[in-house]
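Proteins come first, then strands; the chains are lettered A, B, ... in the order of their sequence lines, and each starts at number 1.
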Amino acid sequence: QFGAEFRRFSLDRYKPGKFEDFYKLILHIHHIANLEVMIGYADVHGDLLPINNDDNFFKAVSSAHPLLRVFIQRQDEVDYSNFGTNTLSRKKKALVTLRNDNLRRRPHINISLPHDFRPVSSIIDVDILPETHRRVRLYRHGCEKPLGFYIRDGTSVRVTPHGLEKVPGIFISRMVPGGLAESTGLLAVNDEVLEVNGIEVAGKTLDQVTDMMIANSHNLIITVKPANQRNNIIRSSRMSGSSGQSTDSTASHHSLSTSHVLQNFHPDEMESDEEADIVIEGGLEPQHIPKLHSLTSSSLSRINGSSLSHRLQRDLVLNNNSGRESNGNIHKLLSSLKTDPRHSLVIPRGGIEEDGTVITL
Amino acid sequence: MRRFLRPGHDPVRERLKRDLFQFNKTVEHGFPHQPSALGYSPFLRLMAIGTRSGAIKLYGAPGVEFMGLHEENNTVMQIHFIPDQCQLVTLLDDNSLHLWSLKQHGGASELREEHRFTLKGPPGSPPSATQVTAVLPHSSREVLYLGTESGNIFVVELPSFRVLEDRTITPEAVLQRIPEDNCNRRSCELVEALREHPKNPDQILIGYSRALIVLWDLQKNKAIQHFLGSQQLENLYWQRDGSKFISCHYDGSYTQWPVSSDNRQSEPLENTVPYGPFPCKAISKIYWQTTKNGLPYIIFQGGMPRASYGDRHSISVIHGSQQTAFDFTSRVIDFFIIFSSDPAAEFDDPSALVVLAEEELVVIDLKSAGWPAVHPPYLASLHCSAITCSHHVSNIPLKLWERIISAGSKQNIHYSSMPWPIDGGTNIAPDPPQRDLLLTGHEDGTVRFWDASGVCLHLLYKLSTVRVFLTDADPNDNMNTLGEDEWPPLRKVGTFDPYSDDPRLGIQKIYLCKYSGYLAVAGTAGQVLVMELNDEDAEHVVDHAEADLLQDQEGYRWKGHEKLKTRDGPVRFEAGFQPFVLVQCQPPAVVTSLALHSEWKLVAFGTSHGFGLFDHQQKRLVFVKCTLHPSDQLALEGPLSRVKSLKKSLRQSFRRIRRSRVSSRKRRGGGGNASEVQEANAKFDQDALQEMELAPVQRKIEARSAEDSFTGFVRTLYFADTFLRDSSRHCPSLWAGTNGGTVYAFCLRVPPAERRMDEPVRAEQAKEIQLMHRAPVVGILVLDGRSTPLPEPLEVAHDLSKSPDMQGSHQLLVVSEEQFKVFTLPKVSSKLKLKLTALEGCRVRKVTVANFGSCKTDDYSENDLAVLTNLGDIQIISLPFLKLQIRYPCIRKEDVSGIASCVFTKYGQGFYLISPSEFERFSLSTKWLVEPRCIVDTPEVTSNNHVHNKSGTENAARKS
């Protein structure tokens, strides 16, 4: 089915409608309604960007001038690493469509695919937690932002068979402006921390909880009891909300960089999300490079067992200057390289520029 | 994740764990912190020491030790043994009295508290009415006389502590018999001393603070005689025959008084101010000891001329024309004399003076000429200079053991040969299973070698590194050298000297190879010394090399201390460990890790800037590696002062204040520079303190990053012969782990023995591992093909270990503060891990491989990791599967210095400091357990003193 088929159709530029409907339309036009496909488009820079929710669908439509090139791939063939890299010209399975008129949406559990963006946070385990609690996962991988929050000791009131009881608790005391924690909008000052990566905080000291959070900082899952209980997720309606359903107003400012995914939390999954150590063989003359996809395919990349070649990596870095989605990964690579700058790269000072920020090594 | 939390379900393993592991705190080594009271039983020949935290410790013959703790944790003010009993009474500062007994239980004696009691006055009386100031256990063993602040003497029955109200000796009753013209009610305020007549148990001597002394008849309930001194009374002492007693006073005088039944009021026989004529300090306690030759020993505490020597802590001994004032470096708590306890003996014949000072126990042999000190077998002052590090070596070969003892005995020639005079009780503990050495490094640049095999931690040998360096201290500045005619005749005794002349001399890391006798010692100013054991004195030049750890990094300025200056030319070293190589790191930052390979003759050292490898055979630096992050200004600048704990900085500023006080007294003028530094330091500490006070109690949550400070700090160094490059050839390697979670591995080429001097040792970096979680690397270990840790250098050569399995694939274990992680070798890929911090919120502070033997069978033993966390817990983690076996709470998590001082042995024991002067010994093993086990014989029960006296006479007669 996916040879190289081209279709043109039209859409109302000013009333693009919902993504779901667009998705259906595409499937219909191409007679591939029984397939899971991935829809992408080419933006003004020629980058291939995904379309999978209302927001980016709208963005895509509005950026079309006048033609929006839409690419459709089978879900399982999608090479996510291609997104954001300058690979559009190599696309074979491309379809060009004209704007079409509005259609109706269809409920779909994947409001947005976690792979399509660099996820920074998610609410998880909504189905198993009490409604007053919120389990938040912060992804620091591929993000140069600091986690950016502080915790303190405090007392919390619990309902017990003997009435209300004051018990010591750990609370978020401060958010660093611009930090990951603040930008997610899922955590707030005075939220009580109940668990860290599935382990209860009760009975642990502030220092212990600090150490646990830092030890888990690459994949931090905090269960909090929000100080503000008005924005709690209402379960009955969780399927029908918009992508910003998680309640909070700040999230919308970051709608492009923030995605809220519902997914169950499995302890085993956390195990598999293991951070990878970097091994450099031969010390002064490093030989190998990790495969590109391993760095970009998921937020939690895996370099284990492979090693870095600084020269190749420099190429990678320079080739991706215009990249956007992969910035975080580059940062991660760079920061991992900084551990031993003496035998590293011959990158000229200020040689790497991204989004106006100069990275010097 | 859950699989780590789940307790093991394998019942076989659970049973085995019970046979292998068990946690016990077994014995406290060293000198009790803040002693406050001393007691001695001539009958049991046991000594008791009470402390300000309410502990009471009994010591007898070496190995005979008991410990008790008052629940109240109040200061022990007085300790009195009940005559001829296995019982003692303690008085605490809350005015409570406690009766303790030694009872046999399960074949060994135990110290137990039997009763407690607080004296209650009539309702409405002031607290002073019952504030106990003097305690006299009567020789009848039935009653206790309690002198109080009000002047009343209460009588309580033992062991019930029932007050016998009708027998109370009130000031009014005393005054009835005394003419009113020279006494009034106020004369009888505050009972200072109560002494029973040595021959007549019905008479006691009562000394009131205002110098009224009354001889009281207990039967007739009346004063027999009274004595009126002119100066405030401090203490009383009976002469052996009861014909005279002696009183000592606040003005530094003592007075002899005659006792006769016909004289109601006596005049003194003799009144002396031994250190007069200028005003003197009080004599707080005095002994008058008779001898066969007629010349008494007069031994007293204090009495020094107030103006010039008022700050001295002294005990004077006068015997005929001989007079010495023993000068202690810390406050004298109390003292006693060991003399003939046989009641039938005609003379006291004192043999030893036992002095409890605040920081040490000093025993003086009074029988030998010159009154030399006796080397104590226990109660060693571990902190005579502050302990800066410790190192334990198990199972010392006999040869090395004997050589160390022989070197030590040459240092101890000035000690008396007298056998230890406090020899009560019998040690029934089995002989220690092996010879163990505990090495402590000290602030003054010394290393002390302790026999840690058994219950008594005993000093074998002391090594000083100071000789290698030129220090500010004037070698002739000896406060002891006094001319012939010096008055008072002070003589410094004891070893406690907390003042280091130069803090740069401090020892930070120690490594001893027990097979070769090579010792590596590293210190605060980046100095690394390699030493060899030599049985003779020798004079030689120490080879000197510098290791520039910053290499080509330029433009940085070291703001810390300068490196130590070395002595030129040959230096004379006494028998023992003699240095032959000195490597000085540049910048001279504190050495943070050290490893020695005696077979390859290599020593590796690391600081906050990097690490280096030195070939001490060819005396050549093999390589250095800078680990410093260029932006890490803090590490560049100098000592780690900014990350010191609050506790430490506080302690240090106090020490500095103390030190500056001393140094200003010691060397006036001069040393202006030093005092400036001190001031700057003090100011810095103060600033840091202020900063901490202002910060609210909150913690930043942030992932570790490469930009953090002190990532280059080298935490651990490890030598291994393993497969680093490929799986077919193994080679010597050096591994280094940093604070930033980096592990460096260097491949070494060590020439074969026959060409060892001809070819250079080469090193090449083979691997660099960056742990993603970036936590400090605290341990590196290679497991052989059988998953057994590689043996120590020379261990196999001495047939003490199986050769490592070089066939199967080796594994690398990296222990960071947060995780344990096993990697394959030679290709480093993660195999297995235990994320300790993520699971439990604790971090690894210390980790060692320990061998645990089963208490059931002799043929089973296994290697596990013994881990101490920052919460003070000890965990045992299996090898190679990293399964948590068992966890014991050991040290309070607030006790930062205790956790920092912990050292594990190879066989599952350990030590940590519970105070600056005491090591607590603990055991994790069911098999190796060193704890006191002793027996104190119950004396024959006699109904009264008289009968006992008779039996004593009989004994004496039988003896003669």
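By the 4.5 Å heavy-atom criterion applied to side chains, T205(A) and K893(B) are counted as neighbours.
Once rounded to the nearest 0.5 Å, the distance linking NZ of K700(B) with CE of M213(A) reads 15.0 Å. For the atom pair CG (D153(A)) and CD (Q698(B)), the distance works out to 11.0 Å, reported to the nearest 0.5 Å. Taken to the nearest 0.5 Å, the CD atom of E702(B) stands 8.0 Å off from the OG atom of S217(A). Here the CD1-NZ distance, from I280(A) to K767(B), works out to 11.5 Å after rounding to the nearest 0.5 Å. Here the straight-line distance linking atom OG of S816(B) with atom CG of D277(A) works out to 9.5 Å at 0.5 Å rounding. In this structure, E818(B) CD and D211(A) CG are separated by 7.0 Å, a value rounded to the nearest 0.5 Å.
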Before you tell me yes or no, could you show the steps for I278(A) and I769(B) under side chain to side chain contact (heavy atoms under 4.5 Å, CB included), namely the whole-Å CA-CA distance, both residues' side-chain angles and the distance that decides it to 0.1 Å?
CA-CA 6 Å; I278(A) 300 170; I769(B) 306 166; over 6 Å; no

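Only the side chain of L871(B) has a heavy atom closer than 4.5 Å to any heavy atom of chain A. In this structure, the portions of A838(B) lying under 4.5 Å from any heavy atom of chain A include both its backbone and its side chain.
Of the residues listed (I170(A), I214(A), V209(A), L206(A)), the one engaging R699(B) in a side-chain contact (heavy atoms from CB on, under 4.5 Å) is L206(A), and it is the only one. Exactly one residue among L138(A), I222(A), T210(A), N216(A) makes a side-chain contact (heavy atoms from CB on, under 4.5 Å) with I701(B). That residue is T210(A).
The two residues Q208(A) and E840(B) come nearest to each other via the heavy atoms NE2-O, 3.3 Å.
Within the structure, salt bridge (Lys or Arg N to Asp or Glu O under 4.0 Å) pairs that include any residue of residues 726-736 of chain B comprise D726(B)-R729(B) (at least two apart or interchain).
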